[in-house]
Amino acid sequence: MVDYCRRMQPLLGTFVEIGVNSDFPNCELAVDQAFHKIRDVHKNLSFQSKDSELTVLNNSLGRSIKLSRNTVTIIRLGKIMTRFSNCYFNCTVGNYFSDNVSIQFAGDDSDISIDGHQVKLNSNIRIILDGIAKGFAVDLAICSLKKSGATQGWVNAGGDLRVFGNNEWPVFVKGIDGKTRVSLKLRNAAIATSNVSMNEVSERFPSRVIPSFENELEGGTWSVVAKTAWRADCLTKVAANAPFTQRVDIVRRLGGELLWAGG
């Protein structure tokens, strides 16, 4: 029977839980270091924070901005997935949250230029990376735990879950109605889930999936399994946006497995 060291902290707009096997030296320090990785992402990539690196970039008015390595990495991943998903995932839809109707609503990957640590927005768009950044933070924490000597455990950030080690972890996905819709056993992989409600944002589901085009999203719960949490989270948006007959193949082509979709 494995004993686990587990901690929970409010980060990334949700509660983040980290758990690792406790039979190695300094397991509690390892968890603290993993939380530090998550806090860095929380600080630098928050769309809502006025002081984050992402906000500085979004307010740069076309100037080239020097950003930290992790911030550049996740922006690069967002740019790549925007391109190769044909904008079914689109990280340039940040202006959706603006009251200024004269600004450009969304762009595509060509609106983001990256040169080393310098990033520039080429048009009047804003980047939003909340979901994919949350998954990226989970992945950073997993890497930190492994480097510290942990051999099995998990990081769960409000629907973005990644597990590692020899164990198979039972996972239960609930629909919008609160009922369990799918169960699986996860091993050395990640799963992310996004909910699309046909009603206004509620206290139960305070976040929302933004449509990449002028289309109406299909209501339901979208769960994707992938090797990394950032990719799994990204592909839940692809699943929600892609045409019904194509979404399974598109998600698979981009490195994920769409498990289930429905109310």
Side-chain angles (χ1 to χ4, degrees), residues 1-45 68-74 76-77 80-81 129-174 180 182-194 222-236 251-252 254-260:
M1 185 71 177
V2 178
D3 290 326
Y4 291 99
C5 171
R6 55 196 301 176
R7 299 287 186 273
M8 180 179 289
Q9 293 184 15
L11 288 165
L12 305 171
T14 185
F15 287 99
V16 179
E17 183 186 54
I18 296 177
V20 293
N21 56 297
S22 60
D23 58 347
F24 70 100
N26 299 318
C27 65
E28 293 191 5
L29 177 61
V31 171
D32 289 340
Q33 291 172 339
F35 272 120
H36 179 73
K37 296 291 185 181
I38 294 173
R39 280 192 292 271
D40 279 347
V41 175
H42 178 94
K43 175 184 176 183
N44 292 329
L45 283 159
S68 64
R69 182 180 65 178
N70 284 338
T71 298
V72 174
T73 297
I74 191 59
R76 190 186 303 277
L77 293 174
I80 290 170
M81 294 302 283
L129 294 159
D130 286 3
I132 189 173
K134 183 169 69 170
F136 185 73
V138 169
D139 294 330
L140 286 178
I142 291 288
C143 289
S144 177
L145 292 169
K146 289 181 177 180
K147 288 180 180 179
S148 296
T151 57
Q152 56 185 329
W154 69 90
V155 179
N156 187 2
D160 283 18
L161 169 67
R162 183 173 168 183
V163 302
F164 67 99
N166 292 326
N167 285 354
E168 290 185 327
W169 304 86
V171 177
F172 302 91
V173 180
K174 293 184 178 181
T180 298
V182 68
S183 61
L184 68 149
K185 292 183 178 180
L186 198 65
R187 182 176 180 179
N188 287 315
I191 184 172
T193 298
S194 291
W222 311 89
S223 294
V224 173
V225 171
K227 290 184 177 180
T228 55
W230 77 262
R231 187 180 297 271
D233 190 289
C234 170
L235 294 180
T236 63
V251 168
R252 184 175 292 123
L254 294 172
E257 192 69 28
L258 180 61
L259 293 182
W260 176 83

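A quick note: this is a predicted structure, and the numbers were derived from the prediction, not measured.
- Enclosure of atom CZ in F15 is not indicated, since only 12 or fewer non-hydrogen atoms of other residues, nucleotides or ligands lie within 6.0 angstrom.
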Could you pull out all donor-acceptor pairs under 3.5 Å where a side-chain atom in residues 28-36 meets a protein atom, sequence neighbours excluded?
residue, atom, partner, partner atom, Å
E28, OE2, R7, NH2, 3.0
Q33, OE1, S148, OG, 3.3

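- Separation of atoms NZ (K43) and CG (N70) is listed at 12.5 Å; rounding is to 0.5 Å.
- With contacts defined as side-chain heavy-atom distances shorter than 4.5 Å, the pair D40/L140 does not qualify.
- For the residue pair D160 and G135, the shortest heavy atom distance occurs at OD2-N, 3.2 Å.
- Scored by the salt bridge (charged side-chain N to carboxylate O under 4.0 Å, His left out) test, E168 finds no partners at all (sequence neighbours excluded).
- Partner L235 forms a side-chain contact (heavy atoms from CB on, under 4.5 Å) with one of R252, M81, E257 and no other, that one being M81.
- In this structure the side chain of L12 reaches within 4.5 angstrom of the side chain of H42, judged on heavy atoms.
- N21 and T151 share a donor-acceptor pair across their side chains, judged by distance under 3.5 Å alone.
- With rounding to the nearest 0.5 Å, the separation of CG in N188 from CG in L186 is 8.5 Å.
- Closest heavy-atom contact between R162 and V138: CB-CG1, 3.7 Å.
- With a 4.5 Å cut-off on side-chain heavy atoms, L145 and F164 count as touching.
- Atoms CG and CD1, on D139 and I38 in that order, are 10.0 Å from each other to the nearest 0.5 Å.
- Minimum heavy-atom separation, L11 to R39: CD2-CG, 3.6 Å.
- Here the side chains of V16 and V155 are in contact, with some heavy-atom distance below 4.5 Å.
- Taking every heavy atom of both residues into account, A157 and T14 meet most closely at C-CG2, 3.8 Å.
- Shown here for S183 and F172, the closest heavy-atom pair between the two residues is CB-CD2, 3.5 Å.
- Interatomic distance, CD1 of I18 versus SG of C5, reported as 9.5 Å (0.5 Å rounding).
- Rounding to the nearest 0.5 angstrom, the gap separating the CG atom in L184 from the OG atom in S223 is 8.5 Å.
- Under the 3.5 Å distance criterion, the side-chain polar atoms of K134 are matched with a main-chain donor or acceptor of G158.
- From I132, atom CD1 reaches atom CZ of R231 across 9.0 Å, with rounding to the nearest 0.5 Å.
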For this session: Test side chain to side chain contact (heavy atoms under 4.5 Å, CB included) on V163 and V171 and set out the steps.
Result: CA-CA 11 Å; V163 302; V171 177; 6.0 Å; no
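- The closest side-chain heavy-atom distance from I74 to L45 is below 4.5 Å.
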